[in-house]
Each structure stands twice: as C-alpha cells, then as structure tokens.
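Each residue takes its place number in the sequence, starting with 1.
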Amino acid sequence: MTILGITGGTGSGKTTLLREAEAMGALCIDCDALYHRLLETDAGLLADIEARFPGAVRDGVLQRKRLGNLVFADENALRALNEITHGVVCREVRRLLAQSDAPFAAVDAIALFESGLAKLCDVTVAVTAPRESRIERLMLREGISRDYAEHRLDAQKSDAEFSALAQVTLENSGTAEAFSQQCKQFLKGVFDTMEEKKYEALRKELLSAPKNGYDRISDADLAAMEPYCKEYMDFISTCKIEREAVDWTIAEAEKHGFKPLVPGMQLKPGDRVYGNGHGKCVIFAVVGTEPLDNGTHICAAHIDSPRLDLKPNPMYEDSEMAFFKTHYYGGVKKYQWTTTPLALHGVVAKKDGTVVKVTVGEDENDPIFCVTDLLVHLAADQMKKPMAEGVTGENLRVLLGSRPLKDDEGSDRVKFAILCLLHEKYGITEEDFLSAELTMVPAGRAREVGFDRSLIAAYGHDDRVCAFAAFKPLLTLGTPKKTAVCVLADKEEIGSVGISGMQSEYFEAFMGDLCDATGASLRRCFEGSFCLSADVSNAYDPLYAETCDKGNNTHLNYGTGIFKYTGSRGKGGSSDAAAEVMGYVRRLFADNDVIWQTGELGKVDQGGGGTVACYMANRNIETVDAGVPVLSMHAPMELVSKLDTYMTYKGMKVFYEDK
C-alpha cells in the first residue's frame, strides 16, 4: 500500500485534498474526524483527558470549547493533550491501514510528524493558505467567533514550519475549483509515481540483476582481499607441482598444530590431523563437536596442472643441440607451449635408493628452457594446418643447451656435457631418468595484471587457486561444529585416477581412520557429509563469446562460481547437485556476504569438462562444484580476478565454520 501523508493548519484545505484522493479510490483517514469518533467510543481516552484537564468532560461528553480555551493558550497544556491523544489515534490509523486492501491511502493529520504517522507515509504534503482565508473558513465551518478562530491558528505551526517538514507543499490561494484541480493533478502524479515505484520494488524482488562484485564488496573484505592475494601469489609461485604443494601445505599445517593421523589414535573436538598420500596428495582435518556419524564439511580441490612430463628416456642430441623429449599431461593447446620460458621441477629416485629434488629455472640466476617454434618466414605449410596439428605432441621437445665439452671427441658431445652438469649438481646419470618424475612447467613468479592490478597471472591457477582457498581457512579455524576436511588431490587433469587421484582408496583410508579415532561409522559419516568440490570455471571472455551462453557463464569480478553440474554434452561426467544442495550454499553465502555467481562450462554442445565432484558424490556425499572463474584456462599463463579469488576463500571459510 502506498500512503500519502497530508498535513497543514486548520482551514488550509486539507479536506479538499483528502476528498479528491478518496474519489481516486484511496482509503482516506481524517485524523481529526477519527479523533472525534474516538471521543464517543473510547471511554479510556475520555477518562485520561478528564484526569489531566478536570471539567473538560461532562456527562461523558467532551466540552470542546472549554478544552480549547485551556490548551490553545498554554503550550504545556497543548503538549500534554497531544501526549494523550496521539498514541490512541496512531493505533487506530495503523489498524485501519492494516485491514484495508486498497492500493493507496491518504492520512490527513495536523500533527502528522509529531504523532509519528509520517514514518508510515511514502510521500508527505503540506497544504498552506493565506491566514485570512483560513480564519473565514473556520468561522463559517464551525460557527465560532473571530477571536476564537485566531486563538486556534496561533496555537498551531506556521505555514513555513509545515512546509519545512513535508516533502511537497500545495498552496491553496485561489478559488475552490482551482485548488480542487490542483489537488487532482498532484494526486495523479503521486499515485502514478508510486505505481512505478511499486513495480520497481517488485522488479527488484522478482528479477535477478547481478552486480559487479566491486559494487557490492564491503570495506572490510576489500581491505582483507589484497593481503590474502599476496599470500596466494607466494604459494602459487612456490608450488608448481603437486609434490611441492603437499610439502608446503604440510609444513604450514604443522606450524599451526596439525599432526599426522596414525591408526589407533583417539581424537577429540579441536584436534588437528593430516594424512600424506604418497607425497602427491594430502588430507587435513579439524575435528568438530558433532559426532562424525553426523557427517563432515569437505572442501576437495586438486593440485596437479597441465604440464610437459619428461619421457622415461628423455635426453637426446640432434644437430649439436640437446633436447628433452616430453609427453604432455592433461588438456593442453600444444602451440601455446612453444617459446614459453620453462623450468624443470620434480624428483629423481637414484639407483642407490636416494631421492633427489630438482628445481631449475625459478631462481633469477638459473637458466630457463623452452620449446622452439618455426619462424613465420618458413611457416607457410605449418600455418595451413589446423591449430591442433600445427605443433604436434612429439615436437614438444625442450631445448637444453648447445655447448660441447672443449676437449671431448666422442659422440653426442652436447648431451654428454649437460649430463656432466647434472651429475655434478645432483649426482644423477642418464639411467636415473628411468626412475624420475621430472616435468617442465612455465618459469617465473605470479604477477599482477592490468593498470588497476585487479588480476593475477600465474601458471597453475587450475586448480591451486581453489586448493589454497580450501586449505588456508583451516590454519586459523577454531573447533567447528562439523568436522572440517580439506582434500588436495592429484591426477584430476587425467581423470582422477591412480594412487593419488580422487578415485583412489586413500580417501576412504584416511576417513576410515578418522572415524575409528572418534568411534564413528564411515558409511554414516559419508551419508551425512557435504562437499564443496573446489575447482575453477571458465570466465566469460568477450573475445570468444560464441563458445558460451553469456547468461549462464561465470564472469570476472562477480564472485566465486557455484555450479549445479559440470560435465560435457548432456552433463556427461557430472554429479548434478540437487536443488536442496544449491539452496543450502545459496543461503550460507547470502547470510555471510559471500559474493557468488553460477554458470556452466560453455554452450551445451561446445565441449565441457569435469571435476572431482562426481567421485565424491559416488561415495554418497552431497556435492556441489565451487571455484574461481579463470581466463585462458590450461594455458601456460592463466588469469584470475583478485575479488573472485578472495571470495572463494571466504566461501570455504564460512562453510567450515557453519553451525
């Protein structure tokens, strides 16, 4: 209901405005008439007046002139009368408004603001008129003397005071017909405007109108965003492969009281444990106050990324240049990896049983490596090929060097010279490559992007941006209600297979030990658990708009992405979360000011991709995908928004903390 509040001095013409509103279908409440009716029906009101003004009531009837003579000459007496009457009148006005189905209402009250009725109104208007006109109307209408009429006007506010309080002023200084027409025009404008505002409000209520996160983020979150992103950039610059991520997170967790989970342990609420899955995946848990039979809150991310793995016999020489042969890992556009500065990461298990960690290309004093590309001058045939064939997987061979040993007269002098360097630094031989896990990844640290520094460029945002967001809150998490579990898995990029992938029994083994340590059933635990499958999504890129449904795609700076399903072509490989699951996350994020959005991975027949969500759901765990939108996903350099990065962390944090 739209409510118009009308005020002004006695005899100004308020009743004319009220009657015109009534003619237009509004519920009209004349507070003066209402007051007089209450004087006839409300014995309590009369009793209060008689108690304060003895003699003002005679035989149950208010002596209006006697009361007027008392209050219009005494401000304190008038204030006392208003204190008695305002509350009674306001209650009755509220009752009348509440029981009416009218779309509009007009309330006429000389004390509109003093009584508090103005707070109910959408628009307030003051009606003013020349003093002499008011006196004449009052004398004619009520049959009173000129002195008494002037006495009543003197006790009221001036026209200027009424106008100062109201939003609009109508001046009644002409004929009755002219003022009536003025009232009609005014009311039409008010009610038309209110109708428009009603639809504006309804539009806001019914229609979804997402806003850029920077138009919604609080000052506190904005202040926290930058330091969090700096920490993340250090992490992503340090941890280029899954082994490094496992080592780093365990070291940080141990600083915050986490201990290895050992079979047979007895755990209590607040205990902090972890399990190291063969050095390539890791699980952390903070025991909650609720039994594990009631389930856990799980954030599951992966820490592997597309890369160039070395073949078992990788090193060879051709034309006095030494190369590594590689086998790409995960989905890559092969042409993107040529002429990209590369670094060597991994481990070598030597014949004597020792394991050597290798990192070359990250220190500013290190050399880097690269895959060469064909010069454009000779690339006529190459450029006629489809992009997928312009550079083949077999040609992703990494240049290692070109300088032979000075006095060496044997074959493969450059290869031999490089092996000498490797043996000198790491003690490895060519045969040791047979038991090595070495990979080429883009070299260099994460960098801020753009004049406004709003984006982060790095290798491996997919999916270490979500892994860090899932891990970081556990370090400072108190004792949660539900046991909080963070899973950092391997092998997602090739199907979550193998001993360290999400399909491995290692997750069951850790969770089984966790349940045993608290006397819970693993089956009941899974049944009551909820998982955020923390994986990235594709951010909408206007340069490739044809691949996406813009209205169903995540966008940079609109917050963390929540996905009912991923998969490809008919939701293949998707867990397809239930409506109730989406509803829970929606409420949780809304209640905690987490900026979020939803979408899907490209147009229906365009392609798609999967996450670990289906493997968690296969274990009877309610699961939904949640993660950071990424530009240039799976490229050697990917881009994410700082705002989305921070909001994903905040979302994981409130999920762990949810009561």
Side-chain angles (χ1 to χ4, degrees), residues 1-10 12-49 51-52 57 60 62 64 78-127 156-157 162 165-170 183-184 186-207 587 590-591:
M1 176 185 286
T2 298
I3 303 174
L4 171 66
I6 304 171
T7 192
T10 301
S12 61
K14 300 190 301 297
T15 302
T16 300
L17 179 58
L18 191 68
R19 295 295 168 254
E20 292 295 346
E22 186 176 39
M24 297 178 72
L27 166 69
C28 291
I29 302 174
D30 183 337
C31 289
D32 190 47
L34 183 61
Y35 168 57
H36 290 136
R37 180 170 61 79
L38 290 170
L39 288 174
E40 297 175 359
T41 60
D42 192 330
L45 174 59
L46 284 174
D48 289 342
I49 293 174
R52 177 61 180 83
V57 178
L62 181 70
R64 295 186 63 194
L78 181 60
R79 188 178 302 111
L81 178 62
N82 288 338
E83 289 175 356
I84 295 171
T85 60
H86 286 173
V88 177
V89 172
C90 286
R91 282 195 298 273
E92 184 64 9
V93 170
R94 285 187 170 89
R95 186 187 69 80
L96 293 172
L97 291 171
Q99 72 180 19
S100 174
D101 294 328
F104 307 112
V107 178
D108 173 2
I110 191 171
L112 185 71
F113 292 92
E114 296 84 349
S115 65
L117 287 172
K119 295 178 181 178
L120 304 177
C121 301
D122 299 288
V123 178
T124 57
V125 57
V127 180
Q156 298 173 6
K157 292 191 294 290
F162 281 117
L165 291 170
Q167 296 168 300
V168 182
T169 297
L170 288 182
C183 290
K184 289 177 182 177
F186 167 72
L187 290 170
K188 186 178 185 304
V190 168
F191 292 151
D192 286 351
T193 300
M194 290 301 104
E195 187 74 11
E196 291 173 6
K197 287 186 176 180
K198 180 185 75 173
Y199 282 115
E200 284 180 15
L202 190 61
R203 194 173 282 274
K204 288 181 180 179
E205 179 183 352
L206 299 183
L207 298 180
R587 289 190 301 274
D591 291 345

Close side-chain approach of [X] to [Y], heavy-atom, < 4.5 Å:
X      : Y      : value
Ile110 : Thr10  : yes
Val123 : Thr2   : no
Met1   : Pro103 : no

- prompt: Of Leu165, Val125, Leu112, Val127, which is the lone residue that meets side-chain contact (heavy atoms from CB on, under 4.5 Å) with Thr7?
  reply: Leu112

- prompt: For Val107 and Leu4, what are the C-alpha separation, side-chain angles and deciding distance, and is it a side chain to side chain contact (heavy atoms under 4.5 Å, CB included)?
  reply: CA-CA 6 Å; Val107 178; Leu4 171 66; over 6 Å; no

field: Set of residues satisfying ring pair (Phe, Tyr, Trp, His ring centres under 6.0 Å) with respect to Phe104, sequence neighbours excluded
entry: Phe191

message: Any salt bridge linking Glu20 with Lys188? Criterion: basic side-chain nitrogen under 4.0 Å from a carboxylate oxygen.
response: no

Does any N or O in the side chain of [X] come within less than 3.5 Å of the main-chain N or O of [Y], such that one atom is a donor and the other an acceptor?
X      : Y      : answer
Asp108 : Cys31  : no
Thr124 : Gln167 : yes
Lys14  : Gly9   : yes

Contact summary for [X] and [Y], nearest pair of heavy atoms:
X      : Y      : result
Leu120 : Ile3   : O-CD1, 3.4 Å
Ala102 : Gly25  : CB-O, 4.5 Å
Ala126 : Phe162 : CB-O, 3.6 Å
Leu187 : Ala21  : CD1-N, 3.3 Å
Ala111 : His86  : CB-NE2, 3.4 Å

task: Any chance you could measure Leu117, atom CG, to Ile6, atom CD1, to the nearest 0.5 Å?
output: 12.5 Å

- prompt: Atom CD of Glu114 and atom NZ of Lys157: how far apart are they, to the nearest 0.5 Å?
  reply: 3.0 Å

In a table with atom names and distances, give each donor-acceptor pair under 3.5 Å that connects a side chain of residues 89-99 to protein atoms at least two apart or in another chain.
residue, atom, partner, partner atom, Å
Glu92, OE1, Arg95, NE, 3.1
Glu92, OE2, Arg37, NH2, 3.3
Glu92, OE2, Arg95, NE, 3.3
Glu92, OE2, Arg95, NH2, 2.5
Arg95, NH1, Gln99, OE1, 3.1

statement: Applying side-chain hydrogen bond (donor to acceptor under 3.5 Å, both in side chains) to Thr169 and not counting sequence neighbours gives Ser163

